[in-house]
Amino acid sequence: MGQYEYSPRVRLVIGAALGVGGLVMTVAGFRQLLFVAHPLQSSEVAGVLMGLLILFAGVSISMPPIAGVRQYLFGALAITCMALLFDWVAFVPGPRDFHTGASAIHRGGSVNSTFGRVVFGIFAVFCDLFAFYAWRKTLRQLRQHVDTDPS
């Protein structure tokens with residue numbers, strides 16, 4: 001067992017906590033989206049995407065630390081949700097509020113919305129490329145699994 005590997009129990013507890021938290025966040029976001037006039041432009045979309053990201057990351061963490069198809073799949077889903085979140089902030093029309101602070105406690109001064117969208121757009125492109133790479137690795141792993149599966 002390597003220096004940074006945790007016991008299966010710790011992985012299951014952390015993964016389950018993240019999975020349940022992500023599921024609750026996703027369901028709450030979807031419930032709010034039912035009552036808005038323009039769901040795609042609503043800030044609840046960010047909550048849904050973040051909830052899905054946490055859910056998929058939790059499922060991935062709870063699995064054994066063996067690089068297999070399921071681990072690649074849930075990792076790719078989590079990365080895709082992160083990429084979609086950055087894409088949504090950068091490219092979907094609607095009000096955005098950007099600040100110079102480093103945390104929610106210290107928000108800092110307001111920043112021009114265009115500048116904030118450009119910064120998020122740059123990171124969105126990197127996240128999109130990373131998601132594409134993750135899906136490529138996942139499909140390659142799936143193909144190898146199918147080719148070596150005797151059944």
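Small disclaimer: the values here were computed from a predicted structure and weren't measured. All values below come from the heavy atoms of this structure, side chains included, with hydrogens, waters and symmetry mates left out.
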Checklist line | CA sep, side-chain torsions, deciding dist, call: L33, R31, side chain to side chain contact (heavy atoms under 4.5 Å, CB included) | finding: CA-CA 5 Å; L33 282 175; R31 288 188 66 196; over 6 Å; no
Apply side chain to side chain contact (heavy atoms under 4.5 Å, CB included) to L18 and I14, showing your working. CA-CA 6 Å; L18 287 172; I14 292 171; 4.0 Å; yes
**OP:** Show the numbers, then the answer: is there a side chain to side chain contact (heavy atoms under 4.5 Å, CB included) between I54 and M25?
**Re:** CA-CA 9 Å; I54 294 169; M25 195 172 177; 4.1 Å; yes
Margin query: Evaluate L55 against F74 for side chain to side chain contact (heavy atoms under 4.5 Å, CB included), listing each step before the verdict.
Written below: CA-CA 9 Å; L55 171 66; F74 285 108; over 6 Å; no
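If you chain together hydrophobic residues whose side chains sit under 4.5 Å apart, L129 and M82 never meet in one group. Residues F91 and V118 are members of separate hydrophobic clusters, defined by side-chain heavy-atom contacts under 4.5 angstrom among Ile, Leu, Val, Met, Phe, Trp and Tyr. When hydrophobic clusters are built by joining Ile, Leu, Val, Met, Phe, Trp and Tyr residues whose side-chain heavy atoms come closer than 4.5 Å, directly or via intermediates, V119 is grouped together with V111. In this structure, V20 is not a member of the same hydrophobic cluster as L23, with clusters built from ILVMFWY side-chain heavy atoms closer than 4.5 Å. Criterion: ILVMFWY side-chain heavy atoms under 4.5 Å apart, direct or through other members. Under it, M63 and L12 are not part of a common hydrophobic cluster.
When ring centroids are compared, F120 and F98 come within the 6.0 Å threshold.
Put simply, OG1 on T138 and CD1 on I79 are 8.0 Å apart, with the number rounded to the nearest 0.5 Å. Here the CH2 atom belonging to W135 is positioned 10.0 Å from the CG atom belonging to L142, to the nearest 0.5 angstrom. Separating the CG atom in L85 from the OG1 atom in T80 is a distance of 12.5 Å, to the nearest 0.5 Å. In this structure, C127 SG and I122 CD1 are separated by 12.0 Å, a value rounded to the nearest 0.5 Å. A distance of 14.0 Å separates CZ of R136 from CD of Q141, quoted to the nearest 0.5 Å. Rounded to the nearest 0.5 angstrom, T100 OG1 and F115 CZ are separated by 10.5 Å.
When side chains are defined from C-beta on, Q41 counts as touching P93, because their heavy atoms get closer than 4.5 Å.
When all heavy atoms of G15 and S62 are compared, the pair lying nearest together is CA-CB, 4.0 Å. Looking at every heavy atom in both residues, V45 comes nearest to L40 through CG2-O, 3.7 Å. Of all heavy-atom pairs between R117 and V89, the closest is NH1-O, 3.3 Å. Of all heavy-atom pairs spanning A124 and D87, the tightest one is CB-OD1, 3.1 Å. Closest non-hydrogen pair, A83 versus D128, comes out as CB-OD1, 3.4 Å.
By the 6.0 Å and 45° rule, R96 stacks over the aromatic ring of W88.
Using a distance-only test at 3.5 Å, with no hydrogens or angles considered, a donor-acceptor pair links the side chain of Q71 to the main chain of P64. In this structure, S60 contributes its side chain and F56 its backbone to no donor-acceptor pair below 3.5 Å.
No more than 12 heavy-atom neighbours from other residues, nucleotides or ligands sit within 6.0 angstrom of CE on M50. Annotation: Y133, atom OH; neighbour count of heavy atoms from other residues, nucleotides and ligands within 6.0 Å does not exceed 12. The number of heavy-atom neighbours closer than 6.0 Å to CZ of R70, taken from other residues, nucleotides and ligands shown, is 12 or below.
When each of L53, V48, L49 is checked for a side-chain contact (heavy atoms from CB on, under 4.5 Å) with L84, only L49 meets the rule.
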